[in-house]
Amino acid sequence: AAPALKHWRTTLERVEKFVSPVYFTDCNLRGRLFGDSCPVASLSRFLTPERLAYQEAVQQDFSPAHVGDTFGPTWWTCWFRVELNIPEAWVGQEVHLCWESDGEGLVWRDGEPVQGLTKEGEKTSYVLTNKLGEGDPRSLTLYVEVACNGLLGAGKGSMIAAPDLEKTFRLNRAELAVFHQDVHKLLVDLELLLGIAKAQQLEWVKNRYPGLYAQLQEFACRGQFVPVGGTWVEMDGNLPSGEAMVRQFLQGQNFFLQEFGKMCSEFWLPDTFGYSAQLPQIMRGCGITRFLTQKLSWNLVNSFPHHSFFWEGLDGSRVLVHFPPGDSYGMQGSVEEVLKTVTNNRDKGRTNHSAFLFGFGDGGGGPTQTMLDRLKRLGNTDGLPRVQLSSPGQLFKALESDSEQLCTWVGELFLELHNGTYTTHAQIKKGNRECERILHDVELLSSLALARSAQFLYPAAQLQHLWRLLLLNQFHDVVTGSCIQLVAEDALSHYEDIRSHGNTLLSAAAAALCAGEPGPEGLLIVNTLPWKRTEVLSLPKPGGAHCLALVTVPSMGYASAPTPTLPQSLLPQQPVFVVQETDGSVTLDNGIIRVSLDPTGRLTSLVLVASGREAIAEGALGNQFVLFDDVPLYWDAWDVMDYHLETRKPVLGQPGTLAVGSEGGLRGSAWFLLQISPNSRLSQEVVLDVGCPYVRFHTEVHWNEAHKFLKVEFPARVRSPQATYEIQFGHLQRPTHYNTSWDWARFEVWAHRWMDLSEHGFGLALLNDSKYGASVQGSVLSLSLLRAPKAPDTTADMGRHEFTYALMPHKGSFQDAGVIPAAYNLNFPLLALPAPGPAPAATWSAFSLSSPAVVLETVKQAETNPQSCTLVLRLYEAHGSHVDCWLHTSLPVQEAVLCDFLERQDPAGHLPLQDARLKLTFSPFQVRSLLLVLQPPSN
């Protein structure tokens, strides 16, 4: 018979309806996936707000339940006991438990978790048996643990909205059914053919009708696990410190080695909000040379020009990078996705391999059987790219084999979206910065105590626990502030644990350092930074009062508390003078800088006294608080859009609110109140200390806004096309203009402790103790202070905040002027710790450096042998220069050897010790680690 003529559109739509999960399911192919069915024998449930272990949950009292029942509310857990009787007539058949409910489910069988169940993840059945045998048991009991939330939280009305705490969840289906595997296979075939017929239609019509020959391959071995990632969590790539990033890899790689017998060779970070220019060096220092991510496909303005390329970091380290051209980590194996992966690849011709990441990646869930079946067919289908199930190692090996033509990207990988995450949830960011400092200080003091006291036990286990809490909070949706309220509360609780336990460990280390000294209790003044410091410190007096003292403490060492007061005539430097004029304005002058404030607290002048150079732009005002409307397109907690800049509104204070605080001598200050809005207010103390090159702004804000953005601005009498921002282990430059779309997309950027705008011979640096969002447009330095998003956490940033920023005018370059150590000093205050005996009469320094270009960032005990007296030191070159540096130490060093960031010795890295000194050579922004084996202290 002659073949029937087929109408193109009719045929396509007929196939669509034949496989549709919505239309004609009573008679189409999808409606025949399951055959005979029967209800479960018995169903009961137990509801709890707690997260119970299985052994505890199954002991609870379960009450009868039925299909159609509701449960909840949000964040609770409902445990179901499911008793099953499989009909005798189903022998030889594949039998599933069909389960459809709201929430995220987990099946437990024989006390073990065996499979997830979620409608959003397209997993609504559990295979009880692939083929029911004659002797197989017919009755069994399962438990289904259902979390009362969706795959991506529990937003009210949208994915990112704040949780709906009154939401109820429903059980829609619970039954046994026979599964028709042959129908499933045909369904996958037809879905694939339908996809081909639809991104290839014209070419197919013009040329030929390619037939489909699909060989079903053997099922992929179940239970395979390929360790990828290398870090403790899927961390943020912008905000964690350099040392915290090293610890992400140190904890992650050691865990993979311990649990799976191998470390990761690929850094796998699919979802984060930008990538620091120091990540290549950190990766290579942790044994990783390959990197996979895809988030730059979210760029709002510019399309990133590569999918496979070499990435060169701040110090010149290079790693091989792959962005899956499908621009997703949640593909489902459709023809459209496969074709996009090929056509979208911007490096075709340079390499012929790319990744296709399939499964429910965001929120978890992994691949479904249908996805696997689709991909198997794509392995050998005419007219389509060849797809094979592989591993990251195989992919990168293939990319490396033909990498000669790949391009190189130098510097940071800046995500042109989610700029609001640099500022959202200020309390989380403050906790992150403070706890990074606390752990740094605890490790240093504990290391010194280990070197000097035979009785002291280094708190390795406690520190690992505290570090892991901090690293957990550096997950890319926590430290960034883009989390729900419950997570934010957990994060703040973790920070409080770190503060509390950290302070206890600091006191223990201080006690060990002073052990054996005779006499009454004293006060130990500790400097945890690698340079000598002379600063004004508030010291406790008997009865709970405090007094100011000028203290000098050597680098990474201690001194005893000085006499609390000195006559002004005996001060080694000019005292601070404070003058208030009749109009209410105030001037603070310490002989280094002169600060002039108008009657509302704004900065009218900032002069570098020695040269008379003015830092504030003519006719402008510094310390100007500015309020913006902040309504992004969608991602509320994540995004701040460029158009917010069009809504700039200066916050104006009332004259007469400025008053003198400290009247001069060691410290001078003035303070004022500012009503930001009818709902929010601010108080600030402007402080200048003797000998200090910067003026500090101690700020308290009571913030109760909706979709507002608070910043503070400093217009500078400086002109430069680029500003400098601190990042991990270094700094980089970004434009101050909007010449190109790449420049304009950086209207809001991130920095760590400082940013600087300099011209030849002079500059102005803005320091901070807990902020990350920043920008320099033209000559205006702007620090982002507070946001007020309402999703996914309606309470984000509401309430009281305390923070400090500082302004430092300087002669010459910021490197030579000491901006970097000044920012460290602001963030690492001198410690006044009680000692069980008297503080030692002499000062003592453990380490010092011959070059100001090198920073000794970390001193800790080595991980490899916690019983030994071996320390790890981590240093980096901070100026961007080649430099030789001598490390001086007073510790009894027996051996010194270079190591990587995982603390593995460099076989050729032995360093000779000369007169208690080690010579180290650095290239720009290079980070070096070394092991110091110490002579154990005597009893």
Side-chain angles (χ1 to χ4, degrees), residues 242-244 246-247 249-251 254 285-286 436-464 466-467 502 505-506 508-510 512-513 515 526-531 554-558 729 828 844-849 854-876 885-906 909-920 922 927-938:
E243 185 60 31
V246 170
R247 301 304 178 92
F249 285 96
L250 181 63
Q251 293 292 329
N254 284 344
C286 298
E436 287 177 338
R437 170 186 62 81
I438 288 170
L439 293 180
H440 166 278
D441 290 354
V442 171
E443 288 184 329
L444 172 65
L445 262 68
S446 298
S447 298
L448 302 187
L450 178 70
R452 298 192 63 185
S453 171
Q455 285 72 40
F456 182 77
L457 294 178
Y458 189 90
Q462 297 98 311
L463 276 167
Q464 183 187 69
L466 298 180
W467 263 111
L505 294 176
L506 278 175
L513 281 173
V526 179
N527 173 16
T528 62
L529 296 178
W531 43 78
S555 64
M556 286 196 166
Y558 58 70
F729 297 131
F828 290 80
W844 180 75
S845 170
F847 299 102
S848 62
L849 297 162
V854 177
V855 176
L856 174 50
E857 178 74 12
T858 299
V859 179
K860 62 181 287 289
Q861 187 188 48
E863 303 271 326
T864 49
N865 189 358
Q867 306 304 320
S868 71
C869 203
T870 302
L871 301 183
V872 171
L873 275 60
R874 190 148 21 253
L875 310 92
Y876 72 96
C885 177
W886 287 94
L887 170 68
H888 301 253
T889 181
S890 61
L891 302 186
V893 177
Q894 292 182 326
E895 182 184 11
V897 60
L898 294 171
C899 63
D900 67 6
F901 296 163
L902 301 183
E903 305 178 9
R904 300 175 298 192
Q905 289 193 18
D906 178 351
H910 285 271
L911 300 172
L913 188 68
Q914 306 173 31
D915 299 324
R917 301 186 305 166
L918 296 168
K919 186 178 182 181
L920 297 167
F922 291 84
V927 186
R928 309 205 77 169
S929 298
L930 60 145
L931 294 164
L932 294 185
V933 180
L934 305 182
Q935 178 181 334
S938 60

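Heavy atoms only: backbone and side chains are in, while hydrogens, waters and symmetry mates are out.
Of the inter-residue distances, the one linking Leu873 atom CG with Leu875 atom CG reads 6.0 Å to the nearest 0.5 angstrom. To the nearest 0.5 Å, atom CG of residue Leu898 and atom CD of residue Gln905 are 10.0 Å apart. Taking CD of Gln861 as the start and OH of Tyr458 as the end, the distance is 6.0 Å to the nearest 0.5 Å. Atom-to-atom distance recorded for Lys919:NZ and Leu887:CG is 13.5 Å, nearest 0.5 angstrom. Interatomic distance, OG1 of Thr864 versus CG of Leu931, reported as 6.5 Å (0.5 Å rounding). The distance from the CG atom of Leu448 to the OG atom of Ser890 is 8.0 Å, given to the nearest 0.5 Å.
Scanning all heavy atoms of the two residues, the minimum distance from Pro937 to Ala451 falls at CB-O, 3.6 Å. Between Leu902 and Cys286, the closest heavy-atom pair is CD1-O, 3.4 Å. A pairwise comparison of heavy atoms in Ala509 and Ala449 identifies O-CB, 3.9 Å as the closest pair. Scanning both residues, Asp900 and Ser929, for their nearest heavy atoms gives O-CB, 4.0 Å.
Counting only heavy atoms from C-beta outward, the side chains of Leu920 and Leu911 approach each other to under 4.5 Å. Using a 4.5 Å heavy-atom cutoff, the side chains of Thr858 and Val872 are not in contact. No side-chain heavy atom of Val893 sits under 4.5 Å from any side-chain heavy atom of Leu871. Residues Ser848 and His888 form a side-chain contact, since some pair of their non-hydrogen atoms from C-beta on lies under 4.5 Å apart. With contacts defined as side-chain heavy-atom distances shorter than 4.5 Å, the pair Leu918/Leu930 qualifies. Between Asp441 and Phe828 the shortest side-chain heavy-atom distance falls below 4.5 Å. A 4.5 Å side-chain heavy-atom check between Leu856 and Leu849 finds at least one atom pair inside the cut-off. The side-chain heavy atoms of Asn527 and Pro554, taken from C-beta on, include no pair separated by under 4.5 Å.
Of the possible polar contacts, none joining the Thr889 side chain to the Phe847 backbone as a donor-acceptor pair under 3.5 Å is found. Looking at Glu903, its side chain does come within 3.5 Å of a backbone N or O of Glu863 through a donor-acceptor pair.
Under the 3.5 Å distance criterion, with hydrogens and angles disregarded, no donor-acceptor pair is assigned to the side chains of His440 and Glu243. Under the 3.5 Å distance criterion, with hydrogens and angles disregarded, a donor-acceptor pair is assigned to the side chains of Trp467 and Glu443.
Looking at Lys860, Glu436, Gln464 one by one, the single match for side chain to side chain contact (heavy atoms under 4.5 Å, CB included) with Arg247 turns out to be Lys860.
Taking 4.0 Å as the cut-off between side-chain N and carboxylate O, Glu857 and Arg437 do not count as a salt-bridged pair.
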After noting the C-alpha distance and the side-chain angles of Phe456 and Leu513, does the key distance pass the side chain to side chain contact (heavy atoms under 4.5 Å, CB included) rule?
CA-CA 9 Å; Phe456 182 77; Leu513 281 173; over 6 Å; no
Derivation of the side chain to side chain contact (heavy atoms under 4.5 Å, CB included) call for Thr870 and Leu932:
CA-CA 6 Å; Thr870 302; Leu932 294 185; 6.0 Å; no
Given the rule in the side chain to side chain contact (heavy atoms under 4.5 Å, CB included) test, do Val855 and Phe729 qualify, once you have shown the distances and angles that lead to the verdict?
CA-CA 9 Å; Val855 176; Phe729 297 131; over 6 Å; no
For side chain to side chain contact (heavy atoms under 4.5 Å, CB included), just list the numbers for Arg874 and Phe901, CA-CA rounded to whole Å, side-chain angles, deciding distance to a tenth of an Å, and then say yes or no.
CA-CA 9 Å; Arg874 190 148 21 253; Phe901 296 163; 4.1 Å; yes
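Cation-pi geometry between Arg928 and Tyr876 is not satisfied (NZ or CZ under 6.0 Å from the ring centre, within 45° of the ring normal).
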